[in-house]
Number of protein chains: 2
Amino acid sequence: MLRKSLSLADAIAETLKADIQAGTILPGTRLHQEDLAKRFSVSRVPVRDALFKLNSEGLVSIEANRGAIVTKLTPEQISEIYDLRLILECDALERAIKVMTPNDLPAVRRALKMCRLQADGGDWLTADNEFHRTIYRLSGRTKQVEIIDTLRASVQAYWAQYSTLATNESHWLEQHDALYRCIEQKDARRAVKLLRTHLIEASIKLIS
Amino acid sequence: MLRKSLSLADAIAETLKADIQAGTILPGTRLHQEDLAKRFSVSRVPVRDALFKLNSEGLVSIEANRGAIVTKLTPEQISEIYDLRLILECDALERAIKVMTPNDLPAVRRALKMCRLQADGGDWLTADNEFHRTIYRLSGRTKQVEIIDTLRASVQAYWAQYSTLATNESHWLEQHDALYRCIEQKDARRAVKLLRTHLIEASIKLIS
DNA sequence: ATATGTATAAATGTATACATTGTAGATTAT
DNA sequence: ATAATCTACAATGTATACATTTATACATAT
């Protein structure tokens with residue numbers, strides 16, 4: 001496997017992204033360049049690069065001369081993101097099912113298994129993300145998958161908050177199982193319908 | 001009107017963006033930090049910031065330790081972008097028509113007029129962009145409009161190439177007129193159908 | 001002649017230092 | 001006491017200098 005040389009900026013960006021998505025750093029938190037530089041024992045330059053990168057992913061908001069804060073979404077904004085995900089993910093799913101071959105199934109099955117392992121306690125959110133991404137990638141639509149990833153990432157921080165309260169993922173595991181069966185049978189119509197309700201339910205839960 | 005203080009990085013990014021979209025800087029061109037720094041009479045720092053920003057908009061591609069090049073799209077990638085635009089723009093148009101009031105019409109009419117003025121010779125591409133954006137903004141979907149803008153921007157460079165050869169915008173002006181009439185009558189169904197053919201025609205023209 | 005390895009040069013990545021902008025606190029005037 | 005202005009501090013923006021990585025050219029060996 002080819003390992004690309006990871007710059008400091010990329011490493012910092014990834015760490016911060018993980019912290020934000022895990023809920024360790026809450027939305028609305030100010031991110032001071034100097035503080036972060038001290039935390040990572042580097043200069044402010046790679047920190048700035050990292051913040052710019054996170055800004056481009058929508059995870060932090062930068063105002064000129066006024067610093068960066070972890071993006072805080074209103075319920076309306078979260079709702080809009082879910083509407084976008086609905087459109088883009090359903091389309092990607094449909095395309096994926098149409099072009100995929102039996103050879104692609106093991107990867108999906110593996111991701112599904114990972115979800116079961118991480119169901120309670122473990123890193124459920126990442127496993128869930130990986131399951132969906134595995135499917136969407138089969139569509140071959142690079143840009144579309146990239147946008148979907150960005151949208152999913154930007155709401156993940158709010159799930160981290162949520163799941164500490166009500167950690168009831170078994171319902172979603174069943175939906176994943178059902179989705180896999182549809183994929184296995186190449187039943188795009190039904191798969192899309194499942195995903196649609198999956199996302200709508202999630203949206204409602206998260207906003208309420 | 002509130003004028004936000006424009007950092008050097010933002011100014012450089014805007015200039016480069018304009019150059020790329022105008023076709024002055026062609027896709028595939030390497031963008032050396034030092035050269036750009038000399039061109040704008042600044043240090044490499046704001047240049048790097050600008051390149052990161054353009055990278056986040058998909059206009060340039062950055063590889064670690066290997067510099068930045070103006071993003072070069074394959075016909076397949078262009079096609080994918082048009083498919084995404086089709087989905088997102090049609091949805092935005094439909095939503096815009098549903099929520100807009102008669103008070104919103106003058107702005108659209110103004111943008112339409114601008115298109116006529118810039119039809120041949122002038123800055124048609126910008127006027128066309130502004131016309132569509134004016135409509136989509138009425139939907140109130142900030143994130144969605146942002147994504148649409150990014151997608152439109154990333155293919156604009158290829159139109160710049162194209163329009164020097166065959167500058168025949170009158171056909172599209174007619175389509176704009178027709179679209180406006182649908183909007184005026186709040187006929188979302190027909191408007192979406194028009195936009196769909198508008199985009200499909202454009203896609204085919206650009207790729208061939 | 002091709003391929004490989006090394007050395008040199010050029011470009012990007014990072015650190016440090018300086019400039020500018022924005023903010024908070026205090027002082028003064030109303 | 002409140003409002004406004006000025007001053008000092010803190011944070012970001014930018015420039016310069018250094019470190020690391022990558023690419024190019026040349027030499028050498030097969």
Side-chain angles (χ1 to χ4, degrees), chain A residues 1-20 24-72 146, chain B residues 1-20 24-72 146:
Chain A
M1 178 151 180
L2 183 62
R3 173 169 295 275
K4 59 183 172 184
S5 67
L6 206 51
S7 69
L8 281 182
D10 288 338
I12 294 170
E14 279 187 22
T15 306
L16 286 178
K17 182 174 179 177
D19 284 348
I20 293 172
T24 309
I25 305 178
L26 296 176
T29 308
R30 289 199 71 95
L31 297 175
H32 297 275
Q33 297 180 359
E34 224 153 344
D35 294 352
L36 294 174
K38 258 185 279 185
R39 173 180 165 192
F40 293 105
S41 303
V42 296
S43 80
R44 271 172 46 218
V45 180
V47 170
R48 281 170 57 79
D49 291 354
L51 289 177
F52 280 132
K53 183 161 191 167
L54 293 175
N55 177 55
S56 79
E57 296 176 21
L59 290 174
V60 310
S61 310
I62 296 181
E63 278 180 297
N65 294 321
R66 287 170 69 180
I69 65 171
V70 180
T71 303
K72 194 171 189 174
E146 187 185 303
Chain B
M1 177 154 181
L2 184 61
R3 172 168 295 274
K4 60 184 172 185
S5 67
L6 207 50
S7 69
L8 280 181
D10 288 337
I12 293 170
E14 280 187 23
T15 306
L16 285 178
K17 182 174 178 178
D19 284 349
I20 293 171
T24 309
I25 304 179
L26 296 177
T29 308
R30 290 198 72 95
L31 296 175
H32 297 276
Q33 298 180 0
E34 224 153 344
D35 293 352
L36 294 174
K38 258 185 279 184
R39 172 180 167 192
F40 292 105
S41 303
V42 297
S43 80
R44 270 172 45 218
V45 179
V47 169
R48 281 170 56 80
D49 292 353
L51 289 176
F52 280 130
K53 183 160 191 167
L54 294 176
N55 178 54
S56 79
E57 295 176 22
L59 291 175
V60 310
S61 310
I62 295 181
E63 278 181 297
N65 295 321
R66 288 171 68 181
I69 64 171
V70 180
T71 303
K72 194 170 187 172
E146 189 185 302

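Note that this is a predicted model, so its numbers are computed, not measured. Within every chain, numbering begins at 1; the chains are lettered A, B, ... in the order of the sequence lines, protein sequences first and strands thereafter.
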Atom [atom1] of [X] and atom [atom2] of [N]: how far apart are they, to the nearest Å?
X     : N      : atom1 : atom2 : result
A/I69 : C/dT23 : CD1   : C1'   : 16 Å
B/N55 : C/dT12 : CG    : P     : 14 Å
A/L8  : C/dA15 : CG    : C1'   : 11 Å
B/N65 : C/dT12 : CG    : C1'   : 6 Å
B/E63 : C/dT12 : CD    : C1'   : 13 Å
B/E34 : C/dA9  : CD    : P     : 16 Å
B/K38 : D/dA15 : NZ    : P     : 15 Å

Exercise. Please work out if A/L31 contacts a base, only the sugar-phosphate, or nothing of the nucleic acid, heavy-atom cut-off 4.0 Å.
Key: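 Result for A/L31 = sugar-phosphate.
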Quiz item: When all nucleic acid strands are considered with a 4.0 Å heavy-atom cut-off, which category describes B/R44: base, sugar-phosphate, or nothing?
Solution: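 Result for B/R44 = base.
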Quiz prompt | side-chain hydrogen bond (donor to acceptor under 3.5 Å, both in side chains) partners of B/R39, counting only residues at least two apart | solution =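 Counting only residues at least two positions away or on another chain, B/R39 forms a side-chain hydrogen bond (donor to acceptor under 3.5 Å, both in side chains) with B/D19.
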Using side-chain heavy atoms (C-beta onward) and a distance below 4.5 Å, is [X] in contact with [Y]?
X     : Y     : answer
B/L16 : B/L59 : no
B/I20 : B/V60 : yes
A/L26 : A/V70 : no

Exercise. Over all heavy atoms of both residues, which pair between B/K53 and B/D10 is shortest? Give the atoms and the distance, please.
Key: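 Result for this residue pair: NZ-OD1, 3.0 Å.
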Quiz prompt | Exercise: identify the closest heavy-atom pair between B/A9 and B/A50 | solution =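 Closest approach of B/A9 to B/A50, heavy atoms only: O-CB, 3.4 Å.
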Quiz item: With B/I12, which of B/V42, B/D49, B/L51 fulfils side chain to side chain contact (heavy atoms under 4.5 Å, CB included)?
Solution: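 The passing option is B/V42.
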Practice problem: Go through B/L54 and B/L31 one step at a time and tell me if the side-chain contact (heavy atoms from CB on, under 4.5 Å) criterion holds. | Solution: CA-CA 11 Å; B/L54 294 176; B/L31 296 175; 5.5 Å; no
Side chain of [X] - closest among [options]:
X     : options                : result
A/H32 : D/dA11, C/dT14, D/dG13 : D/dA11
A/R66 : D/dT14, D/dA23, C/dG22 : C/dG22
B/Q33 : C/dT14, C/dG13, D/dG13 : C/dG13

Exercise. Note the angle between the end axes of the helix from C/dA1-D/dT30 to C/dT30-D/dA1, five pairs defining each, rounded to 10 degrees.
Key: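 So the angle between the two local helix axes works out to 10°.
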Quiz item: When the nearest nucleotide of DNA chain C is assigned to B/D35 and to A/S43 on a heavy-atom basis, which residue is associated with the more 5' position?
Solution: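 Of the two residues, B/D35 wins.
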Exercise. Output the distance between atom OG1 (B/T15) and atom CZ (B/F40), rounded to the nearest 0.5 Å.
Key: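 It is 5.0 Å, given to the nearest 0.5 Å.
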Self-check item: Near-strand residues of residues 45-53 of chain B, defined as heavy-atom separation under 4.0 angstrom from DNA chain C
Solution: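 Correct list: B/R48.
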